[in-house]
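First the structure, in the form of structure tokens, and then the observations on it.
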Amino acid sequence: MEGEILNFIKVWLTVCISLCYCHATGKLLAPGPGRFLAVAPIVVLFFLLPLQLTSIHLGGSTSFFIAWLANFKLLLFAAGDGPLSAEPPLPLRRFLALSCLPIKILQNEKSCPNNNRSDTTLKPKSFLNYSIKAVIVALMVKLYDYSEFIHPKVVLFIYSWHLYFLLEIILAITQFFGRNVLGIELEPQFQDPYFSTSLQDFWGRRWNLMATNILQPTVYKPSVKIAAKVIGRKWAPLPAVMATFLVSAMMHELIFYYMGRMRPNWECTWFFVIHGVALTVEIMVKKVLPEKWRLPPAVSVPVTLAFIFPTAIWLFFPQFVRLKLDVRAFEEYAALVTFVKNVAFSLVG
């Protein structure tokens, strides 16, 4: 544990120094090929840095923050787009935070005019909401002690809720950091996904909105522009959706590799391919059928969840078992407790 924490500190010191360099290049070089060549070595470095970490919690979060979020934002920055591009340039402290943390400033914040804005402003949830979810996570952890008496598919179903609640709590902590250290209000990254009325609603407006917000300008919009020249503007979103889901699949496979260091079996990719195809069909149906023929929420919500949960339990969550991420996660909890006790005893002694 001590060695992993030391490596974690080294990795993030490297990240901060690298982003300071990128911030400086933004002042010296205009968007375009020159800025791209300047930040390209940092993008490569950010793909390599997560390999220095082996833990689930430190390594997994770091890989998501820098190999996915930071790299995609830096590519947008090289083109003069995205949340890092602003006029006048962002202060260094805000540039560092926006580069690699899963945060997005609320619409009423005016200091980052180039941020992509959603149609509706998402309001942060209450402290009570996150407290209840923290208690539920603790109960789930206790429930795993009896997993040998529970059907494996039910355990995977519990994993799905565990992952959702845990991610929302982690992102809420990030939100707290942004509010109190940076002095800015941030959008929540989940919006009650269990109330999704369609796949479009789930992926576009409710689930892991940071990934959605970064994939939209880097993959979806460029794909729409390319496809519109071939098949027209009306149907251009269809191949763009598939391209976005394929890129998302590759990034998820990469993060699973960082955490498990095992070759992918591509089940995760198939999960995103199936959802990409299903969402493409859904969009086609919406374009053809009048809105009055759409299912009411009382029907569409159960139908949507009945598609999401089985496919996730079939293809996505088994990766946690295959890579033994669940077992290693509990080992890390125990190692952390031991580490904290040793530090406390050394301080007292």
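For clarity, every value in this text was computed on a predicted model and none was experimentally measured.
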Quiz prompt | Joint cluster assignment, Y21 & L29, ILVMFWY side-chain distance < 4.5 Å | solution = no
Quiz item: What residues, two or more places apart in sequence or in another chain, satisfy side chain to side chain contact (heavy atoms under 4.5 Å, CB included) together with E332?
Solution: S55, I56, H57
Quiz item: Is the backbone N or O of T197 less than 3.5 Å from a side-chain atom of T304, with the two atoms forming a donor-acceptor pair by type?
Solution: yes
Practice problem: For the residue pair F36 and L75, establish whether any side-chain heavy-atom pair is separated by less than 4.5 Å. | Solution: yes
Quiz item: Is there a path of hydrophobic side-chain contacts, each under 4.5 Å between heavy atoms of I, L, V, M, F, W or Y residues, that connects L48 with V15?
Solution: yes
Quiz item: R294 versus L289: any side-chain heavy-atom pair under 4.5 Å?
Solution: no
Quiz prompt | Sole candidate of F309, W266, W270, F256 that passes ring-ring contact (aromatic ring centres under 6.0 Å, His included) when paired with F316 | solution = F256
Quiz prompt | Residues that, via side-chain heavy atoms closer than 4.5 angstrom, fall in one hydrophobic cluster with I17 | solution = none
Exercise. Determine the sole option in V155, L156, I158 for which the side chain to side chain contact (heavy atoms under 4.5 Å, CB included) test with F317 is passed.
Key: L156
Quiz item: Can you name the nearest heavy-atom pair linking G204 to T212, along with the distance?
Solution: O-CG2, 3.9 Å
Exercise. Taking the side chain as every heavy atom from C-beta outward, state whether V39 and F46 have any atom pair closer than 4.5 Å.
Key: no
Exercise. With sequence neighbours excluded, tell me which residues meet salt bridge (charged side-chain N to carboxylate O under 4.0 Å, His left out) with E282.
Key: K286
Quiz item: Is the backbone of C22 close enough, under 3.5 Å, to the side chain of T25 for a donor and an acceptor to pair up by distance?
Solution: yes
Quiz item: Going only through I, L, V, M, F, W and Y residues with side-chain contacts under 4.5 Å, is there a path from Y146 to I136?
Solution: no
Quiz item: If you take all heavy atoms of P217 and L76, which pair is closest and at what distance?
Solution: CG-CD1, 3.7 Å
Self-check item: Backbone N/O of Q191 and side chain of R205: donor-acceptor pair under 3.5 Å
Solution: no
Quiz item: More than 12 non-hydrogen atoms from neighbouring residues, nucleotides or ligands closer than 6.0 Å to CZ on F8, yes or no?
Solution: yes
Quiz item: Is the shortest heavy-atom distance from the side chain of V321 to the side chain of Y159 under 4.5 Å?
Solution: yes
Self-check item: Shortest non-hydrogen separation from W68 to F64 and the atoms involved
Solution: CB-O, 3.4 Å
Quiz prompt | Aromatic ring proximity F77/F95, centre distance under 6.0 Å | solution = yes
Exercise. Show the numbers, then the answer: is there a side-chain contact (heavy atoms from CB on, under 4.5 Å) between L58 and N7?
Key: CA-CA 10 Å; L58 298 182; N7 287 338; over 6 Å; no
Quiz item: What distance do T62 atom OG1 and Q52 atom CD have between them, rounded to the nearest 0.5 Å?
Solution: 11.5 Å
Quiz item: Does L295 sit in a hydrophobic cluster with other residues, and if so which ones, taking ILVMFWY side chains as linked at heavy-atom separations under 4.5 Å, directly or through other members?
Solution: V299, V303
Quiz item: Given the rule that I, L, V, M, F, W and Y join up when any side-chain heavy atoms are under 4.5 Å apart, are L215 and I226 in one cluster?
Solution: no
Practice problem: Starting from L139, walk the hydrophobic network (Ile, Leu, Val, Met, Phe, Trp, Tyr; side-chain heavy atoms closer than 4.5 Å) and list everyone else you reach, by chain and number. | Solution: V135
Quiz item: Do Q319 and L325 come within less than 4.5 Å of each other through their side chains, counting heavy atoms only?
Solution: no
Exercise. Answer yes or no: is there a side-chain heavy-atom contact under 4.5 Å between I66 and P50?
Key: yes
Exercise. Show the numbers, then the answer: is there a side-chain contact (heavy atoms from CB on, under 4.5 Å) between Y258 and L53?
Key: CA-CA 8 Å; Y258 285 136; L53 301 171; over 6 Å; no
Practice problem: Considering non-hydrogen atoms only, spot the tightest contact between L305 and Y194 and give its length. | Solution: CD1-O, 3.5 Å
Quiz prompt | Separation of L92 CG from C20 SG (nearest 0.5 Å) | solution = 4.5 Å
Quiz item: Counting N and O atoms only, with roles assigned by atom type, does the side chain of K73 sit under 3.5 Å from a partner on the main chain of L98, one being a donor and the other an acceptor?
Solution: yes
Quiz item: Does E253 use its side chain to pair, donor to acceptor, with the backbone of T269 at less than 3.5 Å?
Solution: yes
Exercise. Would you check if the side chain of T54 reaches a backbone N or O of E4 as a donor-acceptor pair within less than 3.5 Å?
Key: no
Practice problem: For the residue pair F47 and L254, establish whether any side-chain heavy-atom pair is separated by less than 4.5 Å. | Solution: yes
Quiz prompt | Side-chain touch N208/L167, heavy atoms, less than 4.5 angstrom | solution = no
Could you pull out all donor-acceptor pairs under 3.5 Å where a side-chain atom in residues 227-250 meets a protein atom, sequence neighbours excluded?
| residue | atom | partner | partner atom | Å |
| --- | --- | --- | --- | --- |
| T244 | OG1 | A240 | O | 2.8 |
| S248 | OG | H252 | ND1 | 3.4 |

Self-check item: With F190, the ring-ring contact (aromatic ring centres under 6.0 Å, His included) member among Y164, F202, F165, F195
Solution: Y164
Quiz prompt | Separation of L84 CG from S99 OG (nearest 0.5 Å) | solution = 4.0 Å
Quiz item: Is I150 linked to V327 within one hydrophobic cluster, defined over Ile, Leu, Val, Met, Phe, Trp and Tyr using a side-chain heavy-atom separation of less than 4.5 Å?
Solution: no
Self-check item: side-chain contact (heavy atoms from CB on, under 4.5 Å) assessment of L69 paired with I214
Solution: CA-CA 7 Å; L69 296 185; I214 200 63; 4.2 Å; yes
Quiz prompt | Interatomic spacing from OG in S160 to CZ in F320 - rounded to 0.5 Å | solution = 10.0 Å
Quiz prompt | T14 side, atom OG1; K10 side, atom NZ - distance, nearest 0.5 Å | solution = 9.5 Å
Quiz item: In terms of ring plane angle, is the pair H275 and F271 parallel, tilted or perpendicular, where the classes change at 30° and 60°?
Solution: tilted
Self-check item: side-chain contact (heavy atoms from CB on, under 4.5 Å) between R206 and D201, intermediate numbers included
Solution: CA-CA 6 Å; R206 293 185 180 275; D201 186 34; 2.9 Å; yes
Quiz item: NZ of K324: more than 12 outside heavy atoms within 6.0 angstrom?
Solution: no
